[in-house]
Amino acid sequence: MVHVNGDLTTCCLDEGLVNRLGNVLETPLAELWNGPVLHRWRVAQAEGRFAESGPYCNTCNWQSAGALSDAELEDYLVKKAELKALGRHRERRS
């Protein structure tokens, strides 16, 4: 979610900018989107550690927001060499 002043957060519910990633007027969106903070939060999501990626993530109905398929998530984890997270994600699915 990009706020009118350019602040970027991970969630449309984050009006208080608790999960602020930066500002797109100061830093390119691609740099923020692919940066280490969001990567760490993506891995936490894949491993089921939702509370570690934001205050709203434990109670969110994320599937209605266009979640990645398992195949897309696994592809991302392989590309980023997050093999432990890949294993944990697969364990959670079974």
Side-chain angles (χ1 to χ4, degrees):
M1 170 67 77
V2 179
H3 289 245
V4 295
N5 67 349
D7 284 338
L8 177 69
T9 182
T10 58
C11 180
C12 62
L13 299 176
D14 188 11
E15 294 175 3
L17 296 169
V18 176
N19 273 3
R20 185 179 180 277
L21 295 167
N23 186 292
V24 298
L25 302 176
E26 300 164 1
T27 308
L29 176 60
E31 187 176 323
L32 296 170
W33 188 254
N34 296 306
V37 172
L38 198 48
H39 172 72
R40 187 173 62 248
W41 291 345
R42 286 182 181 120
V43 171
Q45 291 273 322
E47 293 179 340
R49 298 178 288 113
F50 302 108
E52 294 179 32
S53 54
Y56 306 104
C57 295
N58 267 339
T59 59
C60 180
N61 180 11
W62 54 271
Q63 290 182 331
S64 68
L68 291 176
S69 69
D70 285 328
E72 291 169 316
L73 176 57
E74 290 181 6
D75 184 52
Y76 173 82
L77 293 172
V78 168
K79 284 180 183 175
K80 296 295 184 174
E82 292 287 352
L83 301 183
K84 281 199 255 184
L86 177 63
R88 290 182 188 126
H89 171 71
R90 288 179 173 163
E91 285 174 11
R92 287 183 49 240
R93 284 192 5 217
S94 27

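These numbers were taken from a predicted model, which means no experiment stands behind them.
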Between the main-chain N or O of [Y] and the side-chain N or O of [X], is there a donor-acceptor pair closer than 3.5 Å?
X     : Y     : result
Asp14 : Asn19 : yes
Ser94 : Glu91 : yes
Arg92 : Ala46 : yes

Donor-acceptor pair between His3 and Asn23 side chains, under 3.5 angstrom |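 Per modelled atom types, His3 and Asn23 side chains form no pair under 3.5 Å.
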
Less than 4.5 Å apart, any side-chain heavy atom of [X] and any of [Y]?
X     : Y     : result
Arg42 : Leu77 : no
Trp41 : Glu52 : no
Val43 : Arg49 : yes
Leu32 : Leu38 : no

State which residues pass salt bridge (Lys or Arg N to Asp or Glu O under 4.0 Å) with Arg40; sequence neighbours excluded, sorted by chain then number.
->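 Checked Arg40 against salt bridge (Lys or Arg N to Asp or Glu O under 4.0 Å); zero matches.
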
Evaluation steps, salt bridge (Lys or Arg N to Asp or Glu O under 4.0 Å), between Arg90 and Glu74 = CA-CA 9 Å; Arg90 288 179 173 163; Glu74 290 181 6; 3.2 Å; yes

Please list all pairs passing the salt bridge (Lys or Arg N to Asp or Glu O under 4.0 Å) test where one or both residues lie in residues 25-35, with sequence neighbours left out.
->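 For residues 25-35: none.
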
Closest contact, heavy atoms only, Cys12 versus Met1 =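 Where Cys12 meets Met1 most closely, the heavy atoms are CB-CE, 3.2 Å.
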
